[in-house]
A.B. asks: 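Could you have a look at this structure, given as structure tokens, before my questions?
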Amino acid sequence: MNNKNIVLISLYFGKYPDYFNLWLKSASKNPDIDFFLYGDCNIDDFVPLPENIKCFKISFEDMKKKIQDKFDFEIVLDAPYKLCDYKPTYGYIFEDDIKEYKYWGHIDIDTILGDLNKFLPDEDYMKIYRFGHLTLYKNTPENNTRFMAGGGMNYKSVFKTSFNMIFDELPGMSKKYKILGLSQCDDAPFADIARRRKNFTLNNEICRENYKYQIFYYDNGKVLRDYFDNNEIKTDEFNYIHFSHRRMEDKSNGSNSFYITRFGFIEKNSDTTLKTIKKLNAPTPIGNIFCSLNTQVIRRIKRVLRFLYTKITNT
């Protein structure tokens with residue numbers, strides 16, 4: 001009998017990123033949590049896997065069929081990226097695999113995990129966290145089909161379009177749980193790295209405040225940030241760091257302590273200094289301006305398209 005309370009699920013197709021070995025290392029430091037990986041990626045270079053990680057080999061077409069078999073209407077799932085909208089269904093799709101757990105969740109691979117349990121709430125919630133890179137749900141038959149409930153986005157409309165509707169995040173499941181009056185924990189103890197910045201800067205719309213001189217790193221199971229404030233180096237901790245849409249090279253040399261930067265994962269072998277921060281994560285105002293403009297334009301276009309689609313399908 002499994003005595004663990006949480007299982008985190010990831011679906012990934014193609015090739016794992018170059019830093020996947022670091023993700024595995026960080027996941028292994030959370031032995032009280034199991035991780036289920038579904039996909040067609042070649043895992044041979046990473047075996048033996050940590051004891052708390054299980055890999056299920058399946059092609060994208062077979063996964064699409066597995067999901068389709070759960071619904072009595074034709075779904076649209078033409079590319080792996082659309083799986084983001086299907087994340088809230090994982091408790092329903094994989095119900096036979098996860099029945100022993102109290103909570104299930106979806107986790108992204110473009111992360112490095114810290115001490116996840118340390119930041120989980122003591123209270124019992126139906127849903128914990130709000131974003132696609134990590135959300136947990138209470139594992140009950142009723143809760144695992146909440147995505148079908150009325151209020152907010154209609155799941156059939158979401159699954160009948162190839163457009164990403166962000167059903168797994170704030171406009172989707174978080175809004176639905178709020179409308180239904182269900183308990184959800186909206187804490188944001190993670191470090192979400194802003195796409196609109198060249199250097200590593202927190203998306204402070206949802207995370208903590210930034211500092212002009214700051215740097216993020218992993219150290220033996222913890223995700224930390226050193227920052228320069230009041231003429232001294234201070235440190236705080238996050239449950240994980242998310243750095244979507246960035247290609248990053250592993251330069252950690254197998255170390256259990258490494259900086260997480262736009263230059264890649266760089267071995268950390270001494271205490272952080274202001275000089276270190278300026279070298280590896282210096283402010284880049286010009287680069288940030290161009291990144292910000294590009295991201296804002298794309299986001300506005302997507303927002304308008306989602307709004308129009310929602311209006312059309314709800315009329």
A.B. asks: Could you check whether Tyr19 and Phe243 have their ring centres less than 6.0 Å apart?
C.D. replies: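 Ring centres of Tyr19 and Phe243 closer than 6.0 Å.
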
A.B. asks: Any chance NZ of Lys57 has more than 12 other-residue heavy atoms, nucleotides or ligands included, within less than 6.0 Å?
C.D. replies: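 Counting neighbours around NZ of Lys57, more than 12 heavy atoms of other residues, nucleotides or ligands fall under 6.0 Å, so yes.
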
A.B. asks: List the atom of Tyr129, the atom of Leu134, and the distance in Å for their closest heavy-atom pair.
C.D. replies: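 Of all heavy-atom pairs spanning Tyr129 and Leu134, the closest is CB-O, 3.4 Å.
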
A.B. asks: Return the orientation label for the Tyr16 and Phe20 ring planes: parallel under 30°, perpendicular over 60°, tilted otherwise.
C.D. replies: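 Correct class here is parallel.
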
A.B. asks: When rounded to the nearest 0.5 angstrom, what distance separates CG in Leu37 from OG in Ser10?
C.D. replies: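 Leu37 CG to Ser10 OG: 6.0 Å, rounded to 0.5 Å.
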
A.B. asks: State plainly whether one hydrophobic cluster holds both Tyr86 and Met153, where clusters connect Ile, Leu, Val, Met, Phe, Trp and Tyr through side-chain heavy atoms under 4.5 angstrom apart.
C.D. replies: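 Tyr86 clusters together with Met153.
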
A.B. asks: Is it true that His242 and Phe190 have ring centroids separated by less than 6.0 Å?
C.D. replies: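 No, ring centres 6.0 Å or more apart.
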
A.B. asks: Report the distance from atom CG of Asn199 to atom OH of Tyr213, rounding to the nearest 0.5 Å.
C.D. replies: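 The distance works out to 11.0 Å.
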
A.B. asks: With rounding to the nearest 0.5 angstrom, report the CG to CG distance, Leu274 to Asp226.
C.D. replies: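 Taking CG in Leu274 and CG in Asp226, the distance rounds to 11.5 Å.
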
A.B. asks: Please identify which of these residues, Phe60, Phe56, Phe13, meets the ring pair (Phe, Tyr, Trp, His ring centres under 6.0 Å) condition with Tyr38.
C.D. replies: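 Checked Phe60, Phe56, Phe13 against Tyr38; only one passes ring pair (Phe, Tyr, Trp, His ring centres under 6.0 Å): Phe56.
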
A.B. asks: If we only count heavy atoms from C-beta on, is the Ile241 to Ile193 side-chain gap below 4.5 Å?
C.D. replies: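 Yes - at least one pair of side-chain heavy atoms lies under 4.5 Å apart.
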
A.B. asks: List the steps, then state whether salt bridge (charged side-chain N to carboxylate O under 4.0 Å, His left out) holds for Asp186 with Lys127.
C.D. replies: CA-CA 9 Å; Asp186 290 342; Lys127 179 174 170 289; 5.2 Å; no

A.B. asks: Is there a salt bridge (charged side-chain N to carboxylate O under 4.0 Å, His left out) between Glu142 and Arg146? Walk through the geometry before answering.
C.D. replies: CA-CA 7 Å; Glu142 183 180 15; Arg146 296 284 191 200; 3.4 Å; yes

A.B. asks: Do the side chains of Thr89 and Phe159 get nearer than 4.5 Å, heavy atoms only?
C.D. replies: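 The answer is yes; the side chains approach within 4.5 Å.
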
A.B. asks: Find out whether the Lys NZ or Arg CZ of Lys251 is both under 6.0 angstrom from the six-membered ring centre of Phe263 and within 45° of the ring's axis.
C.D. replies: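 Geometry flag: not set, cation outside 6.0 Å or 45°.
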
A.B. asks: Should the heavy atoms of other residues, nucleotides or ligands under 6.0 Å from CD of Glu232 be counted, would the total exceed 12?
C.D. replies: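 For Glu232, atom CD is crowded (more than 12 foreign heavy atoms under 6.0 Å).
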
A.B. asks: For the residue pair Asp250 and Leu22, establish whether any side-chain heavy-atom pair is separated by less than 4.5 Å.
C.D. replies: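 A side-chain contact under 4.5 Å exists here.
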
A.B. asks: In terms of side-chain geometry, is the basic nitrogen of Lys138 or Asp124 positioned less than 4.0 Å from the acidic oxygen of its partner?
C.D. replies: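 Result for this pair is yes, salt bridge flagged.
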
A.B. asks: With side chain to side chain contact (heavy atoms under 4.5 Å, CB included) as the criterion, how do Ile266 and Ile260 come out once you've worked through the C-alpha distance, each side chain's angles and the decisive distance to 0.1 Å?
C.D. replies: CA-CA 7 Å; Ile266 299 174; Ile260 305 170; over 6 Å; no

A.B. asks: Could you tell me whether Asn220 atom CG has more than 12 heavy atoms of other residues or ligands within 6.0 Å of it?
C.D. replies: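 Enclosed.
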
A.B. asks: Do Lys268 and Phe258 meet the cation-pi criteria used here (NZ or CZ under 6.0 Å from the six-membered ring centre, within 45° of the axis)?
C.D. replies: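 No, a cation-pi geometry is absent between Lys268 and Phe258.
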
A.B. asks: Under the 3.5 angstrom rule, does the side chain of Asn210 hit a backbone N or O of Thr201 as a donor-acceptor pair?
C.D. replies: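 Checking the backbone N and O of Thr201 against the side chain of Asn210, no donor-acceptor pair under 3.5 Å is found.
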
A.B. asks: Can you tell which of Lys82, Gln68, Lys160 makes a side-chain contact (heavy atoms from CB on, under 4.5 Å) with Ile75?
C.D. replies: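 Among Lys82, Gln68, Lys160, the one meeting side-chain contact (heavy atoms from CB on, under 4.5 Å) with Ile75 is Gln68.
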
A.B. asks: For the atom pair CG (Asp219) and OG (Ser255), what is the distance rounded to the nearest 0.5 Å?
C.D. replies: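 One finds 8.0 Å between CG of Asp219 and OG of Ser255.
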
A.B. asks: Determine, for Asp45 against Lys15, whether the closest basic-nitrogen to carboxylate-oxygen distance falls under 4.0 angstrom.
C.D. replies: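 Looking at Lys15 together with Asp45, the answer is no, because their closest N to O distance does not fall below 4.0 Å.
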
A.B. asks: Does Leu136 belong to the same Ile/Leu/Val/Met/Phe/Trp/Tyr cluster as Met173, with side-chain heavy atoms less than 4.5 Å apart forming each link?
C.D. replies: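 No, no single cluster joins them.
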
A.B. asks: Which heavy atom of Leu202 sits nearest to which heavy atom of Gln214, and what is that distance?
C.D. replies: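 The answer is N-NE2, 4.2 Å.
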
A.B. asks: Looking only at heavy atoms, which two atoms of Pro121 and Cys185 are closest? And how far apart?
C.D. replies: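 Nearest pair, atom of Pro121 first, then Cys185: CG-SG, 3.9 Å.
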
A.B. asks: Considering the options Asp34, Leu8, Asn5, which one meets the side-chain contact (heavy atoms from CB on, under 4.5 Å) requirement together with Tyr101?
C.D. replies: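 The single option meeting the side-chain contact (heavy atoms from CB on, under 4.5 Å) with Tyr101 is Asp34.
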
A.B. asks: Salt bridge or not between Asp115 and Lys222? Use side-chain N to carboxylate O under 4.0 Å.
C.D. replies: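 Salt bridge: no.
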
A.B. asks: Would the number of heavy atoms belonging to other residues, nucleotides or ligands and lying under 6.0 Å from NZ of Lys54 be above 12?
C.D. replies: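 At most 12 heavy atoms, drawn from other residues, nucleotides or ligands, come within 6.0 Å of this atom.
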
A.B. asks: Quick check: do Met63 and Leu77 have side-chain heavy atoms less than 4.5 Å from each other?
C.D. replies: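 No; the side chains remain at least 4.5 Å from each other.
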
A.B. asks: Using a 4.5 Å cut-off on heavy atoms from C-beta on, say whether the side chain of Ile166 contacts that of Asp168.
C.D. replies: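 Yes; the side chains approach each other to less than 4.5 Å.
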
A.B. asks: Nearest 0.5 Å, what's the OG-CD1 distance between Ser244 and Ile109?
C.D. replies: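 Answer rounded to 0.5 Å: 13.5 Å.
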
A.B. asks: Taking everything shown except Lys65 itself, do over 12 heavy atoms lie less than 6.0 Å from its NZ?
C.D. replies: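 No - once you tally the heavy atoms of other residues, nucleotides and ligands closer than 6.0 Å, there are 12 at most.
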
A.B. asks: For Glu95, is there an ion pair with Lys99 - N to carboxylate O distance below 4.0 angstrom?
C.D. replies: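 Salt bridge: no.
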
A.B. asks: May I have the step-by-step check of side chain to side chain contact (heavy atoms under 4.5 Å, CB included) for Ile67 and Ile93, ending in yes or no?
C.D. replies: CA-CA 6 Å; Ile67 297 174; Ile93 302 298; 4.1 Å; yes

A.B. asks: Following the transitive rule for hydrophobic clusters with a side-chain heavy-atom cut-off under 4.5 Å over Ile, Leu, Val, Met, Phe, Trp and Tyr, establish whether Tyr240 and Leu120 coincide in one cluster.
C.D. replies: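 Yes; Leu120 is reachable from Tyr240 via cluster members.
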
A.B. asks: Determine whether the aromatic ring centres of residues Phe46 and Trp23 are separated by less than 6.0 angstrom.
C.D. replies: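 Distance test on ring centres: not under 6.0 Å, no.
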
A.B. asks: State the CG-CD1 distance between Leu280 and Ile215, to the nearest 0.5 angstrom.
C.D. replies: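 Here the interatomic distance stands at 4.5 Å.
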
A.B. asks: Measure the shortest side-chain to side-chain distance between Pro80 and Leu11 over non-hydrogen atoms and say whether it is less than 4.5 angstrom.
C.D. replies: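 Counting from C-beta outward, Pro80 and Leu11 never come under 4.5 Å.
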
A.B. asks: Which atoms form the tightest heavy-atom contact between Glu237 and Arg208, and what is the distance?
C.D. replies: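 For Glu237 versus Arg208, the nearest heavy atoms are O-NH2, 2.7 Å.
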
A.B. asks: Walk me through whether Glu209 and Asn204 qualify under side chain to side chain donor-acceptor pair (under 3.5 Å).
C.D. replies: CA-CA 6 Å; Glu209 68 175 306; Asn204 56 11; over 6 Å; no

A.B. asks: Where is the tightest heavy-atom contact between Leu113 and Tyr218, given as atom of each residue plus distance?
C.D. replies: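 Scanning both residues completely, I find the closest heavy atoms to be O-CE1, 3.4 Å.
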
A.B. asks: Let me see the working for Gln184 and Ser174 under side chain to side chain contact (heavy atoms under 4.5 Å, CB included), right down to the final yes or no.
C.D. replies: CA-CA 8 Å; Gln184 56 181 328; Ser174 287; 3.9 Å; yes

A.B. asks: Would you check, one step at a time, whether the test side chain to side chain contact (heavy atoms under 4.5 Å, CB included) holds for Tyr137 with Tyr90?
C.D. replies: CA-CA 10 Å; Tyr137 293 88; Tyr90 289 176; over 6 Å; no

A.B. asks: Check Arg196 with Glu205, please: is the shortest side-chain N to carboxylate O separation under 4.0 Å?
C.D. replies: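 Looking at Arg196 together with Glu205, the answer is yes, because their closest N to O distance falls below 4.0 Å.
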
A.B. asks: How would you list, by chain and number, every residue that makes a side-chain hydrogen bond (donor to acceptor under 3.5 Å, both in side chains) with Ser59, sequence neighbours excluded?
C.D. replies: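 Applying side-chain hydrogen bond (donor to acceptor under 3.5 Å, both in side chains) to Ser59 gives Asp62.
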
A.B. asks: Aromatic rings Phe147 and Tyr155: how do their planes relate, parallel, tilted or perpendicular, breaks at 30° and 60°?
C.D. replies: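 Perpendicular, since the angle between the ring planes exceeds 60°.
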
A.B. asks: Are Phe265 and Phe216 linked, directly or through intermediate hydrophobic residues, by side-chain heavy-atom contacts shorter than 4.5 Å (ILVMFWY only)?
C.D. replies: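 Yes, because Phe216 and Phe265 connect within a single hydrophobic cluster, where side-chain heavy atoms sit under 4.5 Å apart.
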
A.B. asks: Ignoring hydrogens, what is the shortest heavy-atom contact between Arg262 and Phe200? Give both atom names and the distance.
C.D. replies: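 Taking every non-hydrogen atom into account, N-CE1, 3.4 Å.
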
A.B. asks: Are the side chain of Ser183 and the backbone of Met126 linked by a donor-acceptor contact shorter than 3.5 Å?
C.D. replies: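 Checking the backbone N and O of Met126 against the side chain of Ser183, a donor-acceptor pair under 3.5 Å is found.
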
A.B. asks: Using the rule that two of Ile, Leu, Val, Met, Phe, Trp, Tyr join whenever any of their side-chain heavy atoms come within less than 4.5 Å, decide whether Phe36 and Leu116 are in one cluster.
C.D. replies: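 Cluster IDs for Phe36 and Leu116 differ.
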
A.B. asks: Is the distance between the ring centroids of Phe228 and Tyr211 less than 6.0 Å?
C.D. replies: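 No, they do not, as the ring centres are separated by 6.0 Å or more.
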
